[in-house]
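Down below is the structure, laid out as structure tokens.
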Amino acid sequence: MSVPSEPGALLEHLFRRQSGRVVAHLTHLLGPAHLDVAEEAMQEAMLRALQTWPYQGVPDNSAAWLFRVAHNAAIDAVRRNRLLAEKTDALVGELSSSSAAITGDPDLEEQLRDDELRMIFMCCHPDISRDARVALSLKAVGGFSVRELARAFLADETTIAQRLVRAKRQIRDRHLTLDMPGGPELKSRLDSVLDVLYFMFNEGYAAHEGGELIRQDLCLEALRLARLVASSSIAEPRAHALVALMALQAARQPARVDNSGDLILLEDQDRSRWDRQLIGLGFHHFDRSMVGEEVSEYHVQAAIAATHVRAAADRAPDWQLILYLYDQLISLNPSPVVALNRAVAVAKVHGPESALAAIEPLVNDPHLRDYYLLLAVRGHLLLELGQGAEAAACFRAALKRPCSEPERRFLKRKLALAAG
Amino acid sequence: MAQYMLLLYDDPKGWESLSPEEMQKATEKYMAWTQKPFTRDSHRLTPDPGKVIRAESGHARAADGPYSETKEVLGGYYTIEAADYDEAVKLALAHPHLDYGGTIEVRQVWGS
């Protein structure tokens with residue numbers, strides 16, 4: 001037993017990291033129908049750590065300790081409930097021998113990575129609804145609690161809890177397994193996984209006040225899982241493109257808000273505050289995404305993020321290229337939100353008037369009618385054209401739409417500019 | 001310096017809703033407190049109801065402990081050094097146990 005040099009400090013995210021791995025591994029041994037048992041066993045191990053480490057010191061290999069204690073708790077649960085009645089003894093035997101494995105052993109590490117990967121693929125099964133896929137992935141693999149998920153998704157705890165219960169019922173009722181799908185099904189499952197991870201990332205990336213830390217955790221967890229998928233043998237170039245996109249966007253995170261929590265537009269950001277390590281990671285995966293002919297939406301999004309990041313400190317990014325990339329993105333995904341983002345590039349290349357014309361068809365789009373950003377962009381363009389009164393009207397209308405506190409403050413600053 | 005016992009009670013069920021990240025934070029906070037210079041001794045009790053021995057009409061008998069029915073369980077105890085009750089209470093008020101809904105009983109050790 002050793003006491004850490006810094007009083008009370010453990011390896012960052014030790015419990016969360018270990019939780020995802022242990023739950024995935026136990027679920028692999030117990031079967032997905034007993035995901036609950038796996039989660040409870042891990043919870044018990046963490047509770048035991050809380051009850052003993054402060055008094056007896058932290059075990060030398062704390063990760064291995066959690067792994068072993070969770071296994072023992074699972075064994076107790078299997079015995080107590082005569083889980084899988086006739087298979088109880090076999091299961092206990094398997095759990096016991098797995099419990100003796102040494103964390104850090106390359107074979108076990110490989111196994112744990114594989115278990116986690118299979119777990120994500122199961123959580124993203126098409127039989128589970130999309131909302132539930134996201135929540136389940138974050139709960140089972142990411143080690144997020146219901147309360148944290150509720151905070152991250154600005155939803156109430158009951159909604160999240162119900163989503164999880166439903167997902168677990170679907171796992172049991174449809175007898176989902178941790179087997180990797182094969183053939184064309186593998187391709188569509190990979191798409192579902194990437195979609196869930198991208199959604200997870202965007203939820204975390206969206207500017208919201210309150211629980212900011214938890215949202216940043218969401219981004220980093222999405223990035224970690226995407227890297228796990230990209231590093232596996234089944235990865236396709238678009239998985240690397242997604243990692244690149246996440247890393248390049250996350251790199252700008254530290255420069256997105258000022259000290260008082262106000263949003264800073266991309267062009268006004270202090271680029272020295274961008275995370276060089278994430279940029280390096282992003283470009284590494286961007287290169288790897290170039291293999292083959294495939295051009296996915298993630299490829300184009302990553303290329304746009306890369307163009308922003310590549311711009312020299314004292315120069316504007318290559319807007320011509322960004323506009324070209326948005327044109328490509330529109331052809332892959334003709335969504336109104338993409339069209340709105342493209343308008344910003346149109347304004348840079350062809351001026352605000354052309355951009356206004358480009359977003360004109362969006363004004364009546366039912367998906368965007370309540371989107372504050374459409375009005376904000378419109379106001380911004382009108383302001384550039386010197387039409388202060390019209391711009392002010394847009395910002396006022398945008399303020400009536402749902403948006404976060406930092407966004408609200410941003411709109412108020414713009415409104416003051418327009419009305420002043 | 002007088003010695004004081006801090007008796008920590010909590011509802012073990014209360015920890016169930018915490019996430020791994022929160023459990024780790026809690027563990028770190030408890031560890032930091034345990035390593036404070038005024039702490040003389042600290043022990044954790046196993047999470048079971050324990051036994052109580054009572055003499056009834058001349059016969060001493062052991063029965064399941066007081067915690068088989070109640071929600072809050074005596075989970076552990078500390079011995080700390082403090083000048084007086086006021087200081088002991090002040091030190092105990094900073095214990096993370098209170099952040100997690102626990103109760104702390106402070107008692108002076110006789111003759112210390």
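Below, chain A is the first sequence line, B the second, and so on; all start at residue 1.
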Are the side chain of A/Gln18 and the backbone of B/Pro20 linked by a donor-acceptor contact shorter than 3.5 Å?
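Not confirmed, A/Gln18 side chain does not pair with B/Pro20 backbone.
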
How far does [atom1] of [X] sit from [atom2] of [Y], to the nearest 0.5 angstrom?
X       : Y       : atom1 : atom2 : value
A/Leu14 : B/Met23 : CG    : CE    : 12.0 Å
A/Phe15 : B/Glu22 : CZ    : CD    : 12.5 Å
B/Trp15 : A/Glu44 : CH2   : CD    : 15.5 Å
B/Ser19 : A/Arg16 : OG    : CZ    : 6.5 Å

Shortest non-hydrogen separation from [X] to [Y] and the atoms involved:
X       : Y       : result
A/Leu50 : B/Ala26 : CD1-C, 3.7 Å
B/Glu28 : A/Leu10 : OE2-N, 3.0 Å
B/Thr27 : A/Pro54 : O-CG, 4.2 Å
A/Leu11 : B/Gln24 : O-NE2, 2.8 Å

Interface moiety of A/Leu66 toward chain B, non-hydrogen atoms closer than 4.5 Å:
neither

When the 4.5 angstrom heavy-atom criterion is applied to A/Glu12 and chain B, the contacting part is backbone

side-chain contact (heavy atoms from CB on, under 4.5 Å), that's the test. Do A/Arg147 and B/Leu18 meet it? Break it down for me.
CA-CA 8 Å; A/Arg147 192 167 45 220; B/Leu18 291 198; 3.3 Å; yes

May I have the step-by-step check of side-chain contact (heavy atoms from CB on, under 4.5 Å) for B/Tyr30 and A/Tyr55, ending in yes or no?
CA-CA 9 Å; B/Tyr30 276 74; A/Tyr55 308 91; 4.0 Å; yes

Residues of residues 38-46 of chain B with any heavy atom under 4.5 Å of a heavy atom in chain A:
B/Ser42, B/His43, B/Arg44

With a 6.0 Å cut-off (strictly less than), is the heavy-atom count around CZ of A/Arg227, excluding the residue itself, greater than 12?
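Open: at most 12 neighbouring heavy atoms sit under 6.0 Å from CZ of A/Arg227.
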
